[in-house]
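Written below as structure tokens is the structure these notes are about.
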There are 2 protein chains.
Amino acid sequence: MYRSVQSAADILAGWTSIVKRSIVPVGMKVKKQTAPIGRPRAFDADRALDRALEVFWRRGYEGASLSELTEAMEINRPSLYAAFGDKESLFRRVLDRYAGGPAGYTQSALDAPTARAAVERLLEGAIKLLTDPHHPQGCLLVQGALTCGEGAGAVRRELAVRRAAGEAALRRRLDRARREGDLPRDARPGDLASFFAAVIHGMAVAAAGGADRRKLKRIAQTALSVWPDGNREMPEKSPN
Amino acid sequence: MYRSVQSAADILAGWTSIVKRSIVPVGMKVKKQTAPIGRPRAFDADRALDRALEVFWRRGYEGASLSELTEAMEINRPSLYAAFGDKESLFRRVLDRYAGGPAGYTQSALDAPTARAAVERLLEGAIKLLTDPHHPQGCLLVQGALTCGEGAGAVRRELAVRRAAGEAALRRRLDRARREGDLPRDARPGDLASFFAAVIHGMAVAAAGGADRRKLKRIAQTALSVWPDGNREMPEKSPN
DNA sequence: TCACTTATGTACCGCTCGGTACAAAGCGCT
DNA sequence: AGCGCTTTGTACCGAGCGGTACATAAGTGA
């Protein structure tokens with residue numbers, strides 16, 4: 001979930017070579033294997049992306065100005081365009097970084113042994129993410145561009161698609177659980193997935209408004225009480 | 001709930017006289033009682049506000065440009081500024097109109113005879129509001145400005161305050177219900193209010209992403225299953 | 001008719017936006 | 001050293017932003 005393919009725009013714009021240059025030395029322990037020619041870049045691309053993520057996260061796509069971005073990334077404008085393309089391409093790169101970094105817990109959460117544990121981990125991870133003092137409060141997929149001017153419609157839709165992908169991944173996990181007998185036959189994976197997605201996005205709205213961790217915890221616990229399991233008592237901790 | 005006082009900025013800017021002029025003829029059936037002097041305005045202020053609401057709702061506060069606003073309101077720029085002040089003042093006027101109009105159901109919903117009926121009405125009203133084809137999809141209080149540039153911070157905070165006010169009103173209703181025995185003693189009105197507020201805001205995010213009425217209905221029904229009432233069967237329709 | 005008051009319409013303001021042209025700088029290669 | 005290639009920094013572009021000056025229009029009251 002939240003895994004994204006290399007965007008077509010990036011390929012067309014020829015990012016592959018650039019990505020390779022910054023990725024290869026990390027992936028393998030070879031130093032300057034093929035020795036890039038030309039003046040070397042003076043910044044770390046991933047670090048710059050993290051700074052950009054921070055800005056987009058706090059300001060939203062449209063609220064983040066190129067001036068604020070370049071200042072935070074400690075890069076000047078032409079370098080940004082040479083390395084990441086225009087604002088929209090940069091934002092998509094940032095989205096991937098978000099999915100693989102701060103929001104990466106979603107993937108491992110769904111690997112939990114039971115569906116209920118998966119949902120609990122999803123909620124716990126969301127609470128930590130949404131209120132982590134090292135980042136802006138809230139969720140980039142929600143507050144990145146719920147609304148926008150005409151020019152940013154593509155970005156708005158992209159965020160909606162990614163949110164839907166998250167819900168779909170959860171739904172698949174719950175489907176599997178029902179097939180395995182982990183969920184009762186009369187449980188409705190689609191409804192449950194929509195519901196927990198809504199709860200998580202609602203918690204994101206709350207966090208954007210300043211809600212603290214305790215409050216989100218209570219929301220999550222209340223939400224978990226819908227679990228269709230003959231209404232066993234709500235555990236303080238997940239049973240595994 | 002969602003009721004708001006006359007903002008200090010409006011008072012300082014001297015809107016009271018203008019408001020009076022457009023409100024009095026509506027409130028009382030007197031025609032030209034005191035006969036305003038000067039050239040009469042060529043547009044209906046409330047109608048113009050409705051058009052502005054539409055634009056802010058779809059675009060968000062920052063995404064709505066003055067050009068798009070004036071075009072939709074069928075007003076030129078100086079008339080807008082003379083009648084409603086700057087963009088932020090206009091937005092606050094629009095917020096009040098939203099609270100009293102499309103979102104007005106929240107007030108009557110809380111007057112329902114039982115707490116559960118109140119929450120059901122709240123959810124039903126939200127579903128209708130969020131997916132009404134006559135308006136943009138979603139909730140102005142959520143998508144108006146979850147994030148923004150530095151200049152719109154006050155608007156962002158104002159929206160958070162109004163969301164919190166809605167939750168607080170629900171909480172008061174649930175408090176009352178517990179006092180009256182309508183909710184069990186061990187129910188937690190604060191937790192329930194936070195939870196249903198989060199669900200509604202999550203549904204707003206879903207609606208902004210294109211969710212249809214059926215999907216929101218399922219989310220609401222699932223959410224209602226947390227109701228702390230010995231788990232009676234969930235009704236298909238609210239009992240009134 | 002003439003002042004007085006208020007609304008309208010045009011035309012503009014300074015500023016910031018996202019995006020880029022261009023020359024200098026820093027590297028490998030020969 | 002000199003060439004080829006890429007990045008860097010400055011300085012700029014046109015466009016759109018929110019907001020306003022100013023002359024004119026359209027009413028009331030005398």
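Numbered from 1 within each chain, the chains take letters A, B, ... in sequence-line order. Just so it is clear, the values below take in all heavy atoms, side chains as well, and ignore hydrogens, waters and symmetry mates.
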Value in whole Å for how far the P atom of C:dT30 lies from CD1 of A:I37
10 Å
Sidechain-backbone polar pair: A:Y98 side chain, A:L140 backbone, donor-acceptor under 3.5 Å:
yes
Can you tell me the distance, in whole Å, between the CG atom of A:D86 and the P atom of C:dC17?
17 Å
Phosphate OP1/OP2 of D:dG9 contacted by A:N76 side-chain N/O (<4.0 Å)
yes
Verify side-chain contact (heavy atoms from CB on, under 4.5 Å) between A:W57 and A:V94, making sure each step is shown before the conclusion.
CA-CA 10 Å; A:W57 202 338; A:V94 161; over 6 Å; no
For atom CZ of B:R213, is the number of surrounding heavy atoms from other residues, nucleotides or ligands below 6.0 Å larger than 12?
yes
Please confirm whether any donor atom in the side chain of A:R39 sits under 3.5 Å from an acceptor in the base of D:dT7, or the reverse.
yes
Using atom CD of A:E71 as one end and atom P of C:dC17 as the other, report the distance to the nearest whole Å.
11 Å
Interatomic distance, A:L90 CG vs C:dG18 C1' [rounded to whole Å]
12 Å
Please check the phosphate of C:dA7 (OP1 and OP2 only) for any side-chain N or O of B:S79 closer than 4.0 Å.
no
Any salt bridge between A:K215 and B:E167, counting N to O under 4.0 Å?
yes
Provide, to the nearest angstrom, the distance between the CZ atom belonging to B:F84 and the P atom belonging to D:dG18.
17 Å
When rounded to whole Å, the CD1 to P distance for the pair B:I75 and C:dT8 reads 7 Å
Looking across every strand, which nucleic acid part, if any, lies under 4.0 Å from A:A152 by heavy atom: base, sugar-phosphate, or nothing?
nothing
Do B:R77 side-chain and C:dG9 base share a donor-acceptor contact under 3.5 Å?
no
Using whole Å, report how far OH of A:Y81 lies from P of C:dC22.
18 Å
Does C:dC17 have its OP1 or OP2 closer than 4.0 Å to a side-chain nitrogen or oxygen of A:S67?
yes
